[in-house]
Amino acid sequence: MLRADVAITIAPEVNKFLATPRKMLIDGQWVEAASGRSFAVYDPATGEVIASVPEGDKEDIDRAVRAARTAFDSGPWRKMTTSLRGRLMNKLADLMEQHAEEFAQLESLDNGKPASIARVADVPLAIDMFRYMAGWATKIEGNTIPVSWPGTYFAYILREPVGVVGQIIPWNFPLLMAAWKLGPALATGCTIVLKPAEQTPLSALLLGELIQEAGIPAGVVNIVTGFGKETGAPLAAHPDVDKVAFTGSTEVGKFIVQAAGGNLKKVSLELGGKSPNIVLKDADLDTAVVGAANAIFFNHGQCCCAGSRLYIERGIFDRVVDGVAEQAKQIKLGHGLNPETQMGPLVSDEQLTRVTGYLQSGLSEGARPLCGAQRYGDTGYFVEPTVFVDVKQDMKVVQEEIFGPVVTALPFKDLDEVLTVANDTIYGLGAGIWTKDLSKAHRLAAELHAGTVWINCYNVFDAALPFGGYKQSGWGREMGHEVLENYTEVKAVCIRL
Ligand code: NAI
Ligand code: MG
């Protein structure tokens, strides 16, 4: 493992942003928590405190929901033309572009990811999401329905914004998750209370400043920082919230469903995964090896769709696993703001404990590491990229989401066998296939239980491509026009002629 060790430089605007105690955004005002409390934000590469943000609770959620309700029921947002709504969203995207470097650095300091990755992935994808969704603002249409008595009735569909939306997001792609959530809600005319993850609240707060600067009216987007139980739970349970959208663990997803039951608010969920990545004998193996390494090690394995279960056809097993391990050993770990760094730390002490716990579990169940399988260094929350072989399908490391740079590799004999094991999971988010054989590719794609199937590629995201899960990976889809379903109610209007 190579440690990238050069001094880091932080842009002056970022230093200024960090040095000022942050506030949260409610009804167009930057405010402290009602309780007056705040909490520390850490740089996971050093464990040092870099900022402080308000610690919201039920009282702040109540205030934010009231603001969102007023903005929805009687503010200018729903009355403005959809054209103007789209223009304001495009203005926001332009402002984000002007602040792209600040976002990349903040994301790196807050989450640990390399700024070099945030510059080419998180930030441009987030900007693109607002642009793509801005285009939808003017295109949310209903249709006319030919009811069964021609000439007697005229019927049509209206698609209306669902109302006040609560959005709870995780820490793995803080800005991008905010964009995935806010984009469609804004395009459809909803108003929002957003709760960023407690580990990574900073980029959402900078985004809040730009939302104001873009001219999106007060109360349309409210941002309340705080912890899951104290801030997230009252938002999910709030009787005046019409819909909750959540991305995070499957465990908390189930709490969200229960909390939403009080007023039967609509729910969409994007949850965990344990995605199979399947390499067939006929694949271009050089590409497959690099692809398989990227599938698991991108974002340090902290991706809900990480290709964490590698299934390799017999005959090429050693070549592929050795290749992936070789890739893993080349990865330079270090501070995300060091330009040499290819992989940063895990996001938090808690995740370090969780992931190293899985490493121990794998080792004690007899899995053999080709590389890694331990913490890296004693500062920050680094874990060495790990490839486990000699694993069995029923081991914890094969069944449970690890959310770290840890892949398990198993050989298979034929398509039937690999389909059985690939689908043997409670999750169904992503899947990868590496082959040149069209028939095999299509057969596997059709039979894998997953919301996204990548063939000869992995981790390809686009604002136009729907993303979401089968089984316990979630409800509903993000992105594409599919996501608009999450944020609209359908009204059937029927007129007697
Ligand atoms: P989490 O599911 O606890 O946190 C995600 C978000 O939910 C955060 O904003 C958090 O404050 C909020 N939250 C937590 N408890 C809540 C509650 N009772 N009511 C409402 N909101 C609540 O995830 P955590 O603890 O950060 O990570 C644990 C595991 O979850 C990870 O190891 C990983 O396996 C999985 N995870 C999956 C993600 C995905 O993208 N699908 C993202 C983050 C974590
Ligand atoms: Mg949690």
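All residue numbers refer to positions in the sequence shown, counting from 1. Ligands are counted one by one from 1 in listed order, and the atoms in each one are counted from 1 as well.
- Nearest protein neighbour of atom 10 (C) of ligand 1, counting heavy atoms only, is E198 OE1, 3.5 Å.
- Take Q360 and apply the side chain to side chain donor-acceptor pair (under 3.5 Å) test, not counting sequence neighbours, and it matches no residue.
- Counting the atoms of ligand 1 from 1 in the order shown, those under 4.0 Å from a heavy atom of L271 are 41 (N).
- Distance from atom 1 (P) of ligand 1 to its nearest protein heavy atom, with residue and atom name: S249 OG, 3.6 Å.
- The ligand atoms of ligand 1 that sit less than 4.0 angstrom from a heavy atom of P170 are 42 (C), 43 (C).
- Using modelled atom types, no side-chain atom of D242 and backbone atom of P161 make a donor-acceptor pair closer than 3.5 Å.
- Across every non-hydrogen atom of N111 and N172, the tightest pair is ND2-O, 3.5 Å.
- In terms of protein heavy atoms, atom 14 (C) of ligand 1 is closest to G228 CA, 3.5 Å.
- A salt bridge does not link E198 to K229: none of the charged nitrogens lies less than 4.0 Å from a carboxylate oxygen.
- Against a heavy-atom cut-off of under 4.0 Å, I256 is close to the following atoms of ligand 1: 20 (C).
- Of the candidates Y427, F403, F227, F403 brings a heavy atom nearest to atom 36 (N) of ligand 1.
- For D27, there are no side chain to side chain donor-acceptor pair (under 3.5 Å) partners two or more places apart in sequence or in a different chain.
- If you check the side chains of K471 and T425, you find no donor sitting under 3.5 Å from an acceptor.
- Regarding atom 3 (O) of ligand 1, its nearest protein heavy-atom neighbour is V252 CG2, 3.5 Å.
- Between D62 and R66 there is no salt bridge, since no side-chain N of the basic residue sits under 4.0 Å from a carboxylate O of the acidic one.
- With respect to R477 and E485, no salt bridge is recorded, no charged nitrogen being found less than 4.0 Å from a carboxylate O.
- When only modelled atom types and interatomic distance are considered, N277 and W454 share no side-chain donor-acceptor pair under 3.5 Å.
- Of all atoms in ligand 1, listed by their number and element, those nearer than 4.0 Å to a heavy atom of K195 are 9 (O), 10 (C), 11 (O).
- When hydrogens are left out, the protein atom nearest atom 12 (C) of ligand 1 is I168 CG2, 3.7 Å; that is the closest non-hydrogen contact.
- Only the backbone of I169 comes within 4.0 Å of ligand 1, counting heavy atoms alone; no side-chain atom from C-beta on gets that close.
- The only member of E101, E107, E102 that meets side-chain hydrogen bond (donor to acceptor under 3.5 Å, both in side chains) when paired with Q105 is E101.
- Checked by distance only, ligand 1 and T247 stay at 3.5 Å or farther apart across all their nitrogen or oxygen atoms.
- For ligand 1, the polar-atom distance check against W171 finds a nitrogen or oxygen pair separated by under 3.5 Å.
- Remark: ligand 1 atoms within the under-4.0 Å shell around heavy atoms of A197 are 9 (O).
- Within the listing of ligand 1, atoms 26 (O) sit less than 4.0 angstrom from a heavy atom of Q199.
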Steps toward salt bridge (charged side-chain N to carboxylate O under 4.0 Å, His left out) verdict (R22, E209): CA-CA 11 Å; R22 305 316 314 172; E209 292 183 3; 2.8 Å; yes

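- In terms of N/O distances under 3.5 Å, ligand 1 is approached by G248.
- Residue-ligand proximity, A233 to ligand 1, at heavy-atom distances under 4.0 Å covers atoms 19 (N), 20 (C).
- Closest to atom 27 (O) of ligand 1, if we only count protein heavy atoms, is R354 NH1, 3.5 Å.
- Between the side chains of Q393 and D424, at least one donor N or O lies within less than 3.5 Å of an accepting N or O.
- In summary, the atoms of ligand 1 found under 4.0 Å from a heavy atom of F246, numbered by their order in the structure, are 2 (O), 6 (C), 7 (O).
- Nearest protein neighbour of atom 35 (C) of ligand 1, counting heavy atoms only, is E401 OE1, 3.5 Å.
- Summarising the contacts of atom 21 (N) of ligand 1 with A259, G272, G232, the nearest heavy atom is found in G232.
- If you check the side chains of D43 and H335, you find a donor sitting under 3.5 Å from an acceptor.
- Residue contacts with ligand 1, taken as heavy atom pairs separated by less than 4.0 Å, involve Q351 solely via side-chain atoms from C-beta onward.
- Looking only at protein heavy atoms, the nearest one to atom 39 (C) of ligand 1 is C304 CB, 3.5 Å.
- For E384 and K329, the salt-bridge test fails: no basic side-chain N is under 4.0 Å from an acidic carboxylate O.
- In terms of polar-atom proximity, E350 is not counted as a contact of ligand 1, lacking any N or O under 3.5 Å from an N or O of the ligand.
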